[in-house]
Amino acid sequence: MESALSGSVDTRASLRTVSSINAAQLATRLESYESGEKKSISDVRRTFCLFVTFDLLFITLLWIIELNVDGGIERQLSKEILYYDYHSSFFDIFVLAVFRFTLLILAYALCKLRHWWAIAITTAVTSAFLIVKVIISKLLTQGAFGYLLPIVSFVLAWIETWFLDFKVLPQETEDENRFLSVPDASERAVLIHPGPLSDGQFYSPPESVAGKGKNS
């Protein structure tokens, strides 16, 4: 009986130890998750920010090449910026790329926004501006860059929208739900764990008097 009681005490102690370890692990994971969310961004969001940066750099590169092709950077900069003409200048497409980069990096890298409204604004403004510019302006008469810059800018804006809406936000929501489900699963595991055995389960009733009489 003493061994049974000691086993019951050991079981209770081991369960307390396991419960405390689980609680400590969950608290540590929760703290690390929260601190990680505050200090850094997810891998998929970082990839999105890199793509937004690529958008700006690629449009800038194409614009610089266009300036060189048409007779020198200094003269073309003066023509496209100081004497800006909506119908023939590519400078506004570059400004549009700067607008997308500034708003998206501010919203999704610095502020860590978890909503689609910022990307909706940049894509809507980009699409409307480029469609109107292609219809009204004379870009299509200015060679290959008259086609290339508007098309590339339009496509990159919509790729950013697709990537954020179908990759970044769903994956971050899934990761958060998966993490939050870990404490619930651990709590259920502790609840369904067999409890400590009571002292009564090891109690052996004394032999009855009738049984002794038969044995004798």
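Keep in mind that what you see is a predicted model, and the values were worked out from it rather than measured.
- Pairs of residues two or more places apart, or lying in two chains, that qualify as salt bridge (charged side-chain N to carboxylate O under 4.0 Å, His left out) and include a residue from residues 87-110 are D55-R100, D92-K133.
- The two residues I151 and Y147 have their closest heavy-atom pair at CG1-O, 3.1 Å.
- Between the CD1 atom in I93 and the CG atom in L149 there is a gap of 5.0 Å [rounded to 0.5 Å].
- A 4.5 Å side-chain heavy-atom check between F163 and T47 finds at least one atom pair inside the cut-off.
- Between W63 and F91, the two ring planes are tilted [angle within 30° to 60°].
- The two residues H115 and L164 have their closest heavy-atom pair at O-CD2, 4.4 Å.
- Looking at F94 and L62, their side chains never come closer than 4.5 Å, going by heavy atoms from C-beta outward.
- Of the inter-residue distances, the one linking I105 atom CD1 with T53 atom OG1 reads 4.5 Å to the nearest 0.5 angstrom.
- Salt bridge R114/E176: present, at least one basic N to carboxylate O contact under 4.0 Å.
- Under the 3.5 Å distance criterion, the side-chain polar atoms of D165 are left unmatched by any main-chain donor or acceptor of T161.
- The line from OG1 of T122 to CH2 of W158 is 10.0 Å long, rounded to the nearest 0.5 Å.
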**side-chain contact (heavy atoms from CB on, under 4.5 Å) assessment of R46 paired with D43** = CA-CA 5 Å; R46 189 181 299 111; D43 293 337; 2.7 Å; yes
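- By the 30° and 60° cut-offs, the orientation of the rings of F51 relative to F54 is tilted.
- Of all heavy-atom pairs spanning G146 and L140, the tightest one is O-CD2, 3.8 Å.
- Side-chain contact between E160 and T123: absent, with no pair of heavy atoms (C-beta onward) separated by less than 4.5 Å.
- The hydrophobic clustering, which links ILVMFWY residues whose side-chain heavy atoms are closer than 4.5 Å, places I73 and L57 apart.
- Closest approach of L139 and S89 over heavy atoms only: CD2-O, 4.1 Å.
- No close placement of the F145 and F90 rings is indicated, their centers lying 6.0 Å or farther apart.
- Listed by first and then second residue, the salt bridge (charged side-chain N to carboxylate O under 4.0 Å, His left out) pairs that reach into residues 76-89 come to none, sequence neighbours excluded.
- Cluster annotation: L110 and W116 are assigned to distinct hydrophobic clusters (Ile/Leu/Val/Met/Phe/Trp/Tyr, side-chain heavy-atom contacts under 4.5 Å, transitive).
- Contact of the L56 side chain with the T102 side chain is not registered, since no non-hydrogen atoms from C-beta on lie closer than 4.5 Å.
- Considering CZ of F48 and NZ of K167, their distance stands at 14.0 Å, rounded to 0.5 Å.
- Of all heavy-atom pairs between L130 and P150, the closest is CD1-O, 3.6 Å.
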**Message:** One pair to check against side-chain contact (heavy atoms from CB on, under 4.5 Å): Y86 and V132. What are the steps and the verdict?
**Reply:** CA-CA 11 Å; Y86 175 79; V132 172; 3.5 Å; yes
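- Here R45 contributes atom CZ and Q171 contributes atom CD; the two are 11.0 Å apart, rounded to the nearest 0.5 Å.
- S78 places no side-chain N or O within 3.5 Å of a backbone atom of E74 that could act as its donor or acceptor partner.
- Both L103 and I119 are part of a single hydrophobic cluster, where members link through side-chain heavy atoms under 4.5 Å apart.
- For the atom pair OG (S42) and CD (E172), the distance works out to 3.5 Å, reported to the nearest 0.5 Å.
- Smallest separation of non-hydrogen atoms from I41 and C49: CD1-SG, 4.5 Å.
- No continuous path of ILVMFWY side-chain contacts below 4.5 Å connects I121 to L106, so the two sit in separate hydrophobic clusters.
- The cluster map of Ile, Leu, Val, Met, Phe, Trp and Tyr, joined by side-chain heavy atoms under 4.5 Å apart, puts F166 and V44 in the same cluster.
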